[in-house]
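Here is the structure we will look at, set down as structure tokens.
All values below were derived from every heavy atom in this structure, side-chain atoms included, with hydrogens, water molecules and symmetry-related copies excluded.
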Amino acid sequence: MGTYVVAGGTTGMGRGLALHFLRRGDRVTVVGSDPEKGRLVLDEAARMGAGDRAAFIQADLSSVAANVRVIEEVKARHDALDGLVLTAIRHFSRRVETPDGFEATFALYYVSRFLLSYGLTGLLEQAESPMIVNICGVGITKGAIHWDDLSLERGYGSIQAMLQGGRATDLLGVAYTANHPDGRTRYLLHHPGFTDSGTSSLKQPTKTIIKLLAKLMGQPVEKSIQPIIELMDDPPGKGLLAYDRRTPVDPSLPTLDPENARRLYELTRHLLG
């Protein structure tokens with residue numbers, strides 16, 4: 001029986017992976033901001049006879065304090081973790097600044113994943129073959145880190161913010177593995193492709209457009225999670241793994257540059273306390 005934490009596990013691919021783990025007999029803690037969606041996951045777990053192996057932590061992961069609380073709650077419940085799945089993301093049509101001073105997309109897409117990755121490493125290292133799965137856009141080279149304006153105070157665009165978050169998350173994986181060269185924990189950056197995973201965070205007319213595109217071109221969650229399950233069950237190597245579906249991503253891409261990864265880590269390492 002494995003033990004997993006799925007951040008952003010009440011919807012989309014996170015929910016799909018959480019239910020997959022529960023079906024095969026694992027323990028799963030799901031983290032999400034909406035208590036009603038959390039209850040629905042627990043109800044589904046109960047229907048499959050896995051209610052005693054499922055837990056929900058309500059948390060707004062755009063908050064540094066909330067991430068720290070999640071880490072402490074998970075540590076109090078478990079002595080080891082086989083996997084940490086990071087999927088929480090939300091589209092912000094206008095700039096939102098978190099209480100910690102971060103642009104909200106950056107806070108969810110990078111800061112939360114940064115805190116949870118490093119904060120739960122101790123538990124992961126207690127497992128036999130642990131893995132962090134970061135569902136992102138690795139392999140995409142559009143967008144950039146705005147080094148002198150990470151919070152996009154001088155001109156915000158929702159696509160610009162999403163692309164910066166994606167590029168920051170790529171660098172997170174590179175820096176994490178560089179910082180743990182002898183660790184057991186593998187770090188998987190995984191680009192699932194266009195997936196029909198819901199549009200609850202979108203506003204009109206974007207919501208309608210994405211819904212239509214998802215029906216026409218998006219693959220279902222059940223299909224998108226299969227390559228991740230295969231890579232988790234039979235990892236092809238150690239350290240950093242970067243995949244676009246089942247295809248390895250070229251590690252020499254500029255978006256995976258080790259120097260930039262170190263630079264971003266140094267800019268945000270103070271958050272680790």
Do [X] and [Y] have side chains that approach each other closer than 4.5 Å (heavy atoms only, starting at C-beta)?
X    : Y    : value
Q160 : H146 : yes
R53  : V28  : no
Y243 : V138 : no
N260 : W147 : yes
I135 : V133 : yes
L81  : V5   : yes
Q226 : I229 : yes
M48  : L19  : yes

Could you report the tightest heavy-atom contact between [X] and [Y], atom names first, then the distance?
X    : Y    : answer
P235 : L241 : CB-CD1, 4.4 Å
S62  : A107 : O-CB, 3.6 Å
I132 : L86  : CG2-CD1, 3.8 Å

>> Working note: D148 + R154, criterion salt bridge (charged side-chain N to carboxylate O under 4.0 Å, His left out); need CA distance, chi angles, decisive distance, verdict.
In response: CA-CA 10 Å; D148 61 343; R154 300 191 295 274; 3.2 Å; yes
Approximate separation, where rounding is to 0.5 Å, of [X] [atom1] and [Y] [atom2]:
X    : Y    : atom1 : atom2 : value
R246 : L231 : CZ    : CG    : 8.5 Å
I140 : T255 : CD1   : OG1   : 9.5 Å
S224 : F194 : OG    : CZ    : 10.0 Å
L120 : E72  : CG    : CD    : 9.0 Å
M13  : I89  : CE    : CD1   : 13.5 Å
L271 : S112 : CG    : OG    : 11.5 Å

>> Applying a strict under-4.5 Å side-chain criterion to I, L, V, M, F, W and Y, I'd like to know whether L40 and L42 cluster together.
In response: no
Between the side chain of [X] and the main-chain N/O of [Y], is any donor-acceptor distance below 3.5 Å?
X    : Y    : result
E103 : V96  : no
R167 : M162 : no
D82  : T3   : yes
T121 : S117 : yes
D257 : L253 : no
D100 : F102 : no
Q58  : S33  : yes
D234 : E230 : no
E44  : V41  : no
E125 : T185 : yes

> Per the side-chain contact (heavy atoms from CB on, under 4.5 Å) rule, which among T98, L172, V64, L116 passes with V111?
Replying inline: V64
>> Side chains of R186 and S129: any donor to acceptor distance under 3.5 Å?
In response: yes
>> Quick one about E153 and S151 (side-chain donor to acceptor, distance below 3.5 Å, no hydrogens or angles considered), yes or no?
In response: no
> Does H180 have its ring centroid less than 6.0 Å away from the ring centroid of Y118?
Replying inline: yes
> Between F114 and F106, is the ring centre distance below 6.0 Å?
Replying inline: no
> For L188 and N134, what are the C-alpha separation, side-chain angles and deciding distance, and is it a side-chain contact (heavy atoms from CB on, under 4.5 Å)?
Replying inline: CA-CA 6 Å; L188 171 62; N134 195 329; over 6 Å; no
> Between Y4 and M232, is a side-chain contact (heavy atoms from CB on, under 4.5 Å) present by the stated rule, with each step listed?
Replying inline: CA-CA 12 Å; Y4 296 87; M232 294 186 79; 3.8 Å; yes
>> Applying the side chain to side chain donor-acceptor pair (under 3.5 Å) criterion to E266, which one of R262, R263, H270 satisfies it?
In response: R262
> What is the ring orientation for Y187 with Y176, classed by angle as parallel under 30°, tilted 30 to 60°, or perpendicular over 60°?
Replying inline: tilted
